[in-house]
Asks: 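Okay, here's the structure, questions in a sec.
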Amino acid sequence: MKNLLIVESPGKVKTIQKYLGNDYTVKASIGHIRDLGQKGMGVDIQHGFKPEYEVPADKKKIVAELKKLAAEADMVWLASDEDREGEAISWHLFDTLGLTEDKSKRIVFHEITKDAILNAIKTPRTIDMNLVDAQQARRVLDRLVGFELSPILWRKIQPKLSAGRVQSVALRLIVDREREIMAFKKEPFYRIEATFNPEGTKSSVKVKAVLDNKFDTLQQAEKFLQDSIGARFTIKDIQQKDGVRVPAAPFTTSTLQQEASRKLHLTVSTTMRLAQALYERGLITYMRTDSTNLSSLARSTAKAFICDNFGPEYSRPRQYTTHSKGAQEAHEAIRPTYIQNTSIEGTAQEKKLYDLIWKRTVASQMSDAKILKTDIAVESDRRPELFRIQASQILFDGFLKLYLEGTDDETLDEGSDVILPGLNLGQAMNCKEMRGECKFTQPPFRYSEASLVKKLEELGIGRPSTYSPTITTLTTGRGYVVKGDKPGEKETVVNLKLTGDTITRSTKTEVIGSEKGKLLPQEIGMMVTDYLMKNFDGIINYDFTANVEKDFDLVAAGNRAWNAVIADFYTPFHKKVEDVLSDRTFSRPERELGKDPETGLPVIAKFGQWGPFVQIGEGENRRFAHLAAGQLIENVTLEDALKLFELPRTVGTLDGHDIVATKGKFGPYIKYNGKNFSLPKGCNPLTVTEQECQDIIKSSSDPAKDQLARFESSDITVINGRYGPYIKQNGVNYKIPRGTKAESLTEEKCLEIIKSAGKAKK
DNA sequence: CAGTGAGCGAGCTTCCGCTTGACTT
């Protein structure tokens, strides 16, 4: 064998092999092949922070294979990604495989095209040891921070907790936001909206306008409406302005996660799983990237596609530059591999995600949209305030033909086109109706998974490959955060309406500030953040990563030794760690919520061995209840706390046995005759009726309830499982191939599936 | 489930970033 070429991702191997032909064997390292040892610190702190590298167990096989192939090859081409981590991977390969400088070359390419790869082969270089050192500094710093801080938490708060440069700041963002919301005092205000019929138009023509002033009180709003009875309204000013809207840049990992969340309501991890599947099928480029760059081939095919399908006036080739902090741009933006593929085969979700990527990519190469913005002021002869009419009209749709980026601001409706009738200066406007509506000032929004990723990217914290795993660490990993809903607060408001000469009042109950699917900090997350803020504010600072990145840049430029950077950080940091560990005091949050109205006993929220709980009374007969997900000691109300004691609740009986409704680890369930039955989604254990419980118990006792089909002779059952239908035979489960409808399965068809699946498994 | 730091102590937990399966009903 002449040449061995090693890349990171197995997904690239086939394509590159095709471009290079038989003189090359293309293999993948499958990411990093070496890491700091798992046992202990893995860094020799005493001797210049020397890293103690090991090949992890799951990488032994690939390393052995690469070693063998490298020994047989005349030349080894190290083609890992062109970024800090990629450079380190090349160096670890060089070191581990026992390569020499005359028998190995370092090459890089940013896109998987024939030109890019052949060009890379023509322009090899040597491994950039400064860049490798910057990576070693990053790796060692993260290990030192994580493995010195985490044990402090085990000792001071709870075992198995963790802290780190990325996760602790991500957690702090969520905790800080929650505290901002707690501190926020919402204020009511009145917004005045009028519906006008312009003089000289049909009476059905309506134009909506909003007063440029808000009122603090009902009285002020009512006064305005009274003053408006019989008032004359005329157009005082008309301003028209041409504007443009520009398409958003092609997707990076972060923006893909945000848009898939906004438009397709996918979680960050689902988005990545689907994108991985598309990538593996060769349908899209690599999905973990911070670059908005498109290859020249992609740009030219997009141009041709747009000209052919929409016309040349819709085409505007653009190259986007990446602005995000710390971007390393080793890959292209996420785009369809072939722009010509306007749709794909696959699951409904895969199709939707592909469609999103396709539209975003093509729209990014289309013309600006031309907009005519109109701003009209309407004055009253009784009051100085002005009504404003704002409209925007699309003169040329450009990229909007395909795609409009979503927004995180839940109060904003998408820029709909408002068509105004012809209006002139001085024209009279007849007021058909005027409303005074009570609104409330809004606290900042809680983070969703995707908006947290957006914020992390803005701060330069974390990388495309870690956004999703970081969220998993905070939620299912450590229980610092739960994803859930906040019900909002009920408010009774008085609204006003003026029609003709009469003002009517209406009273309405509204729910203010409810949020769904947001990241809610748990008590343990608050405690960890408070503790780290108090003792390690430098590390949990939002700028910490940005600052150390500057040092890493100095290392990468060859201007500082990597271990000198680490020493500067470690000396004061470790002293603080020692100080904190010698302090044996513990503090736990505790708060009295009030008195139990039934017994008069105090109700106290505090943190125990098993997490936050509330207790009623003291001594022998006190009662305990866990706080629910998202409830915090510092702001749980007495009312909410008392509700926690309403479970378990005896609902009724069936055949002489009690039915008890309660909540457990897996959500609400009912206990009956020694057995447990989950309550269906949306069924509240506090309000579920005896009849409903009896039905649940009876239907759950039916062994065939999840069976879709049963073929006795071959012991085959088709079961409707949690992840969709599947086939079971002799205790072994088999997937149903994509595109096959479970209802259409016959015994023969099932046997066929089992037979082919059996082969695949071997 | 247990129960809301009396003591002792062995042995465990943990980081970030680069990758993909293997696994789950």
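Here is how names work: the chains are called A, B, and so on, in the same order as the sequence lines, proteins then strands, and each is numbered from 1.
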Asks: From the list B:dT20, B:dT14, B:dG17, which nucleotide is the closest neighbour of the side chain of A:Ser162?
Replies: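 Comparing B:dT20, B:dT14, B:dG17 against the side chain of A:Ser162, the answer is B:dT14.
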
Asks: Does B:dT20 have its OP1 or OP2 closer than 4.0 Å to a side-chain nitrogen or oxygen of A:Gln276?
Replies: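 Answer is yes, contact under 4.0 Å.
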
Asks: Separation of A:Lys59 atom NZ from B:dC18 atom C1', in whole Å?
Replies: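 After rounding, the gap between these two atoms is 7 Å.
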
Asks: Does a side-chain N or O of A:Arg143 approach OP1 or OP2 of B:dC16 to a distance below 4.0 Å, or not?
Replies: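 Negative; the distance criterion is not met.
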
Asks: Please test A:Val169 against A:Thr545 for side chain to side chain contact (heavy atoms under 4.5 Å, CB included), starting from the C-alpha separation and ending with a verdict.
Replies: CA-CA 9 Å; A:Val169 181; A:Thr545 292; 5.7 Å; no

Asks: Which whole number of Å gives the distance between the P atom of B:dA22 and that of B:dC18?
Replies: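 About 24 Å, rounded to a whole number of Å.
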
Asks: Please determine, for the side chain of A:Thr473, which listed nucleotide (B:dG17, B:dC15, B:dT20) has the closest atom?
Replies: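 For the A:Thr473 side chain, the nearest candidate turns out to be B:dC15.
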
Asks: Taking the side chain of A:Arg288 as heavy atoms from C-beta outward, which of B:dG17, B:dT13, B:dT20 is closest to it?
Replies: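 The answer is B:dT20.
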
Asks: When the distance from CD of A:Glu148 to C1' of B:dC15 is rounded to whole Å, what number comes out?
Replies: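 Interatomic distance, CD of A:Glu148 to C1' of B:dC15: 11 Å.
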
Asks: Side chain to side chain contact (heavy atoms under 4.5 Å, CB included), that's the test. Do A:Glu449 and A:Thr475 meet it? Break it down for me.
Replies: CA-CA 10 Å; A:Glu449 290 189 5; A:Thr475 52; over 6 Å; no

Asks: For B:dT14, is there a stacking contact with A:Trp154, counting only centres under 5.5 Å and planes under 30°?
Replies: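 No; centroid distance or tilt outside limits.
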
Asks: Cation-pi between A:Arg143 and A:Phe147: NZ/CZ under 6.0 Å from ring centre and within 45° of the ring axis?
Replies: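 A:Arg143 over A:Phe147 ring: yes.
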
Asks: For A:Tyr570 and A:Glu148, does a side-chain donor sit closer than 3.5 Å to a side-chain acceptor?
Replies: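 The answer is yes; a qualifying pair exists.
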
Asks: Is B:dG5 syn or is it anti, if syn means the base angle is within 90 degrees of 0?
Replies: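 Here B:dG5 takes the syn form, which means its glycosidic angle is within 90° of 0.
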
Asks: Using atom P of each nucleotide, how far apart are B:dC23 and B:dT19 to the nearest Å?
Replies: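 Taking atom P in both B:dC23 and B:dT19, they lie 23 Å apart.
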
Asks: Dump the intermediate steps for side chain to side chain contact (heavy atoms under 4.5 Å, CB included) on A:Ile633 and A:Leu627, then the final yes or no.
Replies: CA-CA 8 Å; A:Ile633 290 173; A:Leu627 286 190; 4.1 Å; yes

Asks: Cation-pi check, A:Arg165 to A:Phe544: give yes when NZ or CZ is under 6.0 Å from the six-membered ring centre and within 45° of the ring axis, no otherwise.
Replies: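 No - A:Arg165 does not lie over the ring of A:Phe544 by the 6.0 Å and 45° rule.
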
Asks: Please enumerate all protein N or O atoms sitting under 3.5 Å from an N or O of nucleotides 3-11 of chain B, with distances to 0.1 Å.
Replies:
| from | atom 1 | to | atom 2 | distance (Å) |
| --- | --- | --- | --- | --- |
| B:dG5 | O6 | A:Arg588 | NH2 | 2.6 |

